[in-house]
Protein chains: 2
Amino acid sequence: MLSKKTKYGIKALVHLAKQEESSPVQIGTISLAENISQKFLESILLSLKKTGFLGSKKGKGGGYYLLKDPKDIPMTTVMRVLEGPIAMVPCVSLNFYEKCADCPDENTCAVNKIMLEVRDSTLKIFKNTTLHDLCL
Amino acid sequence: MLSKKTKYGIKALVHLAKQEESSPVQIGTISLAENISQKFLESILLSLKKTGFLGSKKGKGGGYYLLKDPKDIPMTTVMRVLEGPIAMVPCVSLNFYEKCADCPDENTCAVNKIMLEVRDSTLKIFKNTTLHDLCL
DNA sequence: TTTTACCCTACTAAATCTATAGGGTATTAG
DNA sequence: CTAATACCCTATAGATTTAGTAGGGTAAAA
């Protein structure tokens, strides 16, 4: 299941991507428009800033804005920053790989096998979908 | 992320599907072979019995056994019983649908849109993979 | 210089996960 | 018959994660 953090984060990014001018949007504006707790959204936007998706401007007329063209932001990067691994088990994760404690051999593991397939098909979708595509 | 319950459940089902004879297999045997806590496995197998996947035999020489041919058990049904919804958000779930509290309109929701795609591709894999396929 | 709006830390209630504990009961081998 | 086997069932609990809340600090601009 997708965490609220990820869901809200995507919604906020889409909100920003939909702006015609690239002028900063305030947290309060987004939280109101997308029905998100303002303080919670604040922490999400902050992490999106730290990971290089957003820029910010302080003071009056300030807010957050996208640093890149929405067409250049694939959903893989968004998902990995907000949600973490895309795979359903760590042993098939590309960016968050971990060996399973209980599993003696990944190559003969039935779970590994099918989850690898699922990861590939999901990854394909996220790779071929940009933030811009979500705005249509 | 896949819960241990689901992971262990699949491993146990595969273990049973690999049996040549359909004689019952004891919990202890499975827990030892698959490195799963026996008591935890017990509760998982019990739930698989209640949902119609397994039969059991008490007393000496007893254990659990599959009720159907592994070729007739698609992973969709396994996943739904063990893990719950296949979709990443309730609003795109077929069997566990729930409306999002924050979202005014699903049809224009960006998250809904992409998660629907992911659900479809994942579902397709689970539908076309049976327990038997995992034994190869 | 005051207001605005981002920045940061710490904490917490609730839920879920991953078991463990401790026994009860039906079945069957001998 | 009876004793061992192995499933059946309930309750509980520690750990982790989630989804926030509280409370203030700081930089920038009007």
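The sequence lines fix the lettering, A, B, ..., with proteins before strands; numbering per chain opens at 1. These numbers come from a predicted model, not from an experiment.
Residue A:Ser37 has no polar side-chain atom (N or O) positioned under 4.0 Å from OP1 or OP2 of D:dA19. Not one side-chain nitrogen or oxygen of A:Ser56 sits closer than 4.0 Å to the OP1 or OP2 atom of C:dA5. Listed pair A:Ser43 / C:dC8 fails the phosphate criterion, with no side-chain N or O lying under 4.0 Å from OP1 or OP2. Residue A:Tyr65 has no polar side-chain atom (N or O) positioned under 4.0 Å from OP1 or OP2 of C:dC6.
Here C:dC17 presents its C1' atom at 11 Å from CD1 of B:Ile44, a figure rounded to the nearest Å. Across the protein-nucleic acid pair, A:Tyr8 atom OH and D:dG20 atom C1' stand 9 Å apart, rounded to whole Å. Note: CG (A:Leu46) to P (C:dC7) measures 6 Å, nearest angstrom. Following rounding to the nearest Å, B:Lys50 (NZ) and D:dT10 (C1') show an atom-to-atom distance of 10 Å. In this structure, the OH atom of B:Tyr64 is 14 Å from the C1' atom of D:dT5, given to the nearest Å. Between the CG atom of A:Leu82 and the P atom of D:dA19 there is a distance of 12 Å, rounded to whole Å. Between B:Gln38 atom CD and C:dA19 atom P the separation is 14 Å, expressed in whole Å. Here D:dA19 presents its P atom at 16 Å from CG of A:Asn35, a figure rounded to the nearest Å.
By the 4.5 Å heavy-atom criterion applied to side chains, B:Leu13 and B:Ile10 are not counted as neighbours. Put simply, the side chain of A:Ile86 reaches to within 4.5 Å of the side chain of A:Phe126, judged on heavy atoms. In this structure, B:Pro85 and B:Asn95 have side chains that are not in contact, with every pair of non-hydrogen atoms separated by 4.5 Å or more. Side-chain atoms of A:Ile114 and B:Leu134, non-hydrogen and from C-beta on, do get closer than 4.5 Å to each other. Side-chain atoms of B:Arg80 and B:Leu94, non-hydrogen and from C-beta on, do get closer than 4.5 Å to each other. Taking 4.5 Å as the limit, some side-chain heavy atom of B:Ile44 sits within range of a side-chain heavy atom of B:Leu82.
Put simply, the side chain of A:Glu42 and the base of C:dC7 share a donor and an acceptor less than 3.5 Å apart.
Within residues 96-106 of chain A, no residue has a heavy atom under 4.0 Å from DNA chain D.
Closest approach of A:Lys18 and A:Cys135 over heavy atoms only: CE-O, 3.8 Å. Here the closest heavy-atom approach between residue B:Lys71 and residue B:Thr130 is recorded as O-CG2, 3.3 Å.
Note on B:Gly63: only backbone sugar-phosphate atoms sit closer than 4.0 angstrom, heavy atoms only; bases stay farther off. Using a 4.0 Å heavy-atom distance criterion, A:Leu45 is classed as making no nucleic acid contact. The residue A:Lys39 sits close to a base: some heavy atom pair falls under 4.0 Å.
The backbone N or O of B:Thr6 lies less than 3.5 Å from no partner atom in the side chain of B:Lys11, so there is not a single donor-acceptor pair. Between the side chain of B:Lys99 and the backbone N or O of B:Cys103 there is at least one donor-acceptor pair closer than 3.5 Å.
For the pair B:Leu2 and A:Gln26, nearest-nucleotide mapping onto DNA chain C gives the more 5' position to A:Gln26.
In the set D:dC8, D:dG20, C:dA5, D:dC8 carries the atom at the smallest distance from any side-chain atom of B:Lys49. For A:Phe40, the listed nucleotide lying nearest its side chain is D:dG20; candidates were D:dG20, C:dC6, D:dC7.
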Enumerate all atom pairs, one protein N or O and one N or O from nucleotides 27-30 of chain C, separated by less than 3.5 Å.
none

